[in-house]
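One is the number of the first residue; the rest follow in order along the sequence. Note: hydrogens, waters and symmetry copies are ignored here, and every other heavy atom, side chains too, is used.
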Amino acid sequence: IDNRLGDAFLAQHASGRSPPADIVLVAIDQKSLENMSEVAGSWPWPRAIHGELIDGLARFRPTAIGFDILFNEADSFRPDSDAVLRDIARGHRNLFFPSLLLADGKGAPLQDLPPSFGARRSEYAEQYATAPLLVPLVLDQTNWQGGLINFEKDDDQRGRHARLYHTVNGWQLPSLNASMARFAGSTLPATPRVRLNWYGNSPRTIPYTDLFTDITSERPVIAPTLENSIVIIGATAPGLNDFRPTPLGALTPGAEILTTAIANLRSHDWLRDLPVRWPILLILLAGLGWAFAKRRSPLQTGLLLSGVTMLLLVSSYGALGLHFYAPVGAALTLAWLAYGLLTIEAQWRERREREAAVMLFRRFLD
């Protein structure tokens with residue numbers, strides 16, 4: 001109940017928020033898949049295409065370039081294309097490539113990860129700990145800078161949080177969003193994950209094909225506007241199936257979840273959880289218990305509870321504007337359930353007392 005009510009509030013609150021202009025999504029959309037077919041063929045494209053894009057963008061000095069595309073398997077049919085990407089990436093230090101933590105499988109020793117990966121070893125870390133990881137093996141280890149892109153989902157499979165790091169046997173494996181935000185100069189919270197504060201509009205989005213054509217032209221128009229921007233390259237085409245359920249809907253592009261997380265971390269405007277569910281419930285139940293114990297009118301008590309309900313709902317929604325998430329749905333639902341049961345009990349008790357009075361007077365009156 002808290003999640004559903006919170007999702008509704010977040011979706012409404014997001015409609016008044018716009019993402020920062022300096023976080024840009026280069027979308028591999030349906031238009032790009034169609035227009036790039038003559039140059040790159042069908043998807044997946046040769047890795048040299050991404051290398052050319054990196055090389056072309058580098059002239060315009062973006063802050064960082066992050067890929068939401070895995071490069072864990074070599075292209076056995078086009079090894080020369082992989083080599084082009086590897087050689088180009090080797091010359092840049094603002095590139096970020098994703099990795100994936102699998103649920104099971106044969107694990108690799110975490111101590112063998114290169115420093116560029118950013119794994120941190122705590123004092124409780126197991127020396128020979130392993131984890132099943134998909135890492136960008138196509139690239140040199142100096143370019144393994146980035147992090148995990150695992151979808152952070154709640155028990156109902158909906159994504160409401162962004163994870164900053166995954167802990168595996170005492171090792172902290174960074175997420176891609178945290179690595180890019182830290183690289184951009186942001187101070188990250190100490191918590192392992194944050195609740196996302198969504199935006200009603202998509203980030204500034206440039207079709208991959210438009211940017212690729214622009215950087216290869218004599219007078220680029222789009223690329224110069226990306227100076228000092230964080231550029232995320234990810235799939236949004238329906239056929240590429242990179243969509244996840246979030247409070248904004250069942251089909252939110254994974255790349256937009258990534259840009260939202262980076263924007264939240266950069267602006268420090270993620271949502272802080274307020275532990276108000278149980279205190280509110282206890283206060284409401286105590287108030288209802290007192291009112292019915294004192295034989296207050298159920299109608300008056302219901303009207304008062306209605307006023308409190310409206311106040312709490314408005315306060316919960318208003319808290320989003322202050323970067324706080326206050327779940328009140330479950331507490332209010334249980335309070336109204338208690339009100340209904342207490343009202344039934346009070347009516348039953350009143351009926352029993354009336355019947356007892358009638359039986360008493362029936363001994364003396366017709």
Judged by atom type as modelled, is there a donor-acceptor pair below 3.5 Å linking the side chain of R86 to the main-chain atoms of L139? no
Would L271 end up clustered with F324 when hydrophobic side chains under 4.5 Å apart are linked, directly or stepwise? yes
Should the ring pair W270 and H268 be called parallel, tilted or perpendicular, given that the plane angle runs from 0 to 90° and is split at 30 and 60? tilted
For the atom pair CG (N197) and CG (L320), what is the distance rounded to the nearest 0.5 Å? 7.0 Å
Can you hop from M180 to L188 via hydrophobic side chains spaced under 4.5 Å? no
Rounded to the nearest 0.5 Å, what's the gap from CG on L285 to CH2 on W278? Could you check? 10.0 Å
Is there side-chain contact between L226 and F60, with heavy atoms separated by less than 4.5 Å? no
Side-chain H-bond candidate by donor/acceptor type, R204 with T225, under 3.5 Å: yes
Parallel, tilted or perpendicular, judged at 30° and 60°: which one describes the rings of H50 and W45? tilted
Taking the side chain as everything from C-beta on, heavy atoms only, tell me whether V39 gets closer than 4.5 Å to T209. no
Exercise: identify the closest heavy-atom pair between A331 and R277: CB-O, 3.6 Å
So does P203 get a backbone contact from the side chain of T205, meaning a donor-acceptor N/O pair under 3.5 Å? yes
Residue of the set N3, T252, D7 for which side chain to side chain contact (heavy atoms under 4.5 Å, CB included) holds with R158: D7
Closest contact, heavy atoms only, S175 versus R163: OG-O, 2.8 Å
Less than 4.5 Å apart, side chain to side chain, heavy atoms only: is that true for P98 and F67? yes
Answer yes or no: is there a donor N or O on one side and an acceptor on the other, between the side chain of T130 and the main chain of P109, under 3.5 Å? no
Using a 6.0 Å cut-off, check whether atom CZ of R120 has over 12 heavy atoms from anything other than its own residue. no
Hydrophobic cluster identity match, M36 and I54, side-chain contacts under 4.5 Å: yes
Within the 4.5 Å heavy-atom criterion, are T246 and L10 side-chain neighbours or not? no
Test side-chain hydrogen bond (donor to acceptor under 3.5 Å, both in side chains) on N264 and Y199 and set out the steps. CA-CA 10 Å; N264 280 190; Y199 303 99; 3.2 Å; yes
dist N177:CG -> I230:CD1 (nearest 0.5 Å) comes out at 11.0 Å
Run the side chain to side chain contact (heavy atoms under 4.5 Å, CB included) check on I257 and F243 step by step: do they pass? CA-CA 9 Å; I257 300 175; F243 297 91; over 6 Å; no
Main-chain N/O of K153 paired to R244 side chain as donor or acceptor, under 3.5 Å: no
Using a distance-only test with no angle check, is there a side-chain donor-acceptor pair under 3.5 angstrom linking T213 and D210? no
Drop me the distance from L53's CG to I65's CD1, to the nearest 0.5 angstrom. 7.0 Å
Show your working on side chain to side chain contact (heavy atoms under 4.5 Å, CB included) between I69 and I233 and close with a plain yes or no. CA-CA 8 Å; I69 307 167; I233 301 169; 4.3 Å; yes
Quick check: closest heavy atoms across P174 and G146, and the distance to 0.1 Å? CG-O, 4.3 Å
With the side chain counted from C-beta on, respond yes when L173 and L133 share a heavy-atom pair under 4.5 Å apart, and no when they do not. yes
Electrostatic pair D273:R193 at N-O distance under 4.0 angstrom: no
Is there a donor-acceptor pair closer than 3.5 Å between any side-chain N or O of Q145 and the backbone N or O of L95? yes
Could you check if a side-chain atom of F292 sits within less than 4.5 angstrom of a side-chain atom of T343, using non-hydrogen atoms only? yes
About how many Å separate CZ of F117 and CD of Q141, when rounded to the nearest 0.5 Å? 11.0 Å
Can you check whether S18's main-chain N or O pairs, donor with acceptor, with N201's side chain at less than 3.5 Å? no
Return the minimal non-hydrogen interatomic distance between A11 and L248, and the atom names on each side. CA-CD2, 4.3 Å
Where the side chain of Y339 meets the backbone of P298, is there a donor-acceptor pair that is under 3.5 Å apart? yes
R17 side chain to W198 main-chain N or O, any donor-acceptor pair under 3.5 Å? yes
Heavy-atom nearest pair, D214 first then A223, reads OD2-N, 2.8 Å
Applying a strict under-4.5 Å side-chain criterion to I, L, V, M, F, W and Y, I'd like to know whether L196 and L265 cluster together. no
Are L282 and L334 co-members of a hydrophobic cluster defined by side-chain heavy atoms under 4.5 Å apart? no
List the steps and the verdict of side chain to side chain contact (heavy atoms under 4.5 Å, CB included) for L284 and L305. CA-CA 8 Å; L284 291 177; L305 183 59; 4.3 Å; yes
With the side chain counted from C-beta on, respond yes when V328 and L5 share a heavy-atom pair under 4.5 Å apart, and no when they do not. yes
Applying side chain to side chain contact (heavy atoms under 4.5 Å, CB included), run through N143 and R93 and close with a yes or a no. CA-CA 8 Å; N143 287 119; R93 292 293 172 264; 4.2 Å; yes
One should read off an interatomic distance between L148 CG and L164 CG, to the nearest 0.5 angstrom, of 11.5 Å
Which atoms form the tightest heavy-atom contact between W171 and Q111, and what is the distance? CH2-CA, 3.7 Å
Regarding D75 and R47, does a basic nitrogen lie under 4.0 Å from an acidic carboxylate oxygen? no
Heavy-atom neighbours of E73 CD exceed 12 at 6.0 Å: no
Look at the side chain of S316 and the backbone N and O of A326, then say whether any donor-acceptor pair between them is shorter than 3.5 Å. yes
Note, T236 side chain near I28 side chain (heavy atom, < 4.5 Å): no
Determine yes or no for a side-chain-to-main-chain donor-acceptor pair under 3.5 angstrom, with S297 supplying the side chain and L299 the backbone. yes
Please walk me through it: do W336 and T309 pass side-chain hydrogen bond (donor to acceptor under 3.5 Å, both in side chains)? CA-CA 9 Å; W336 276 103; T309 298; 3.0 Å; yes
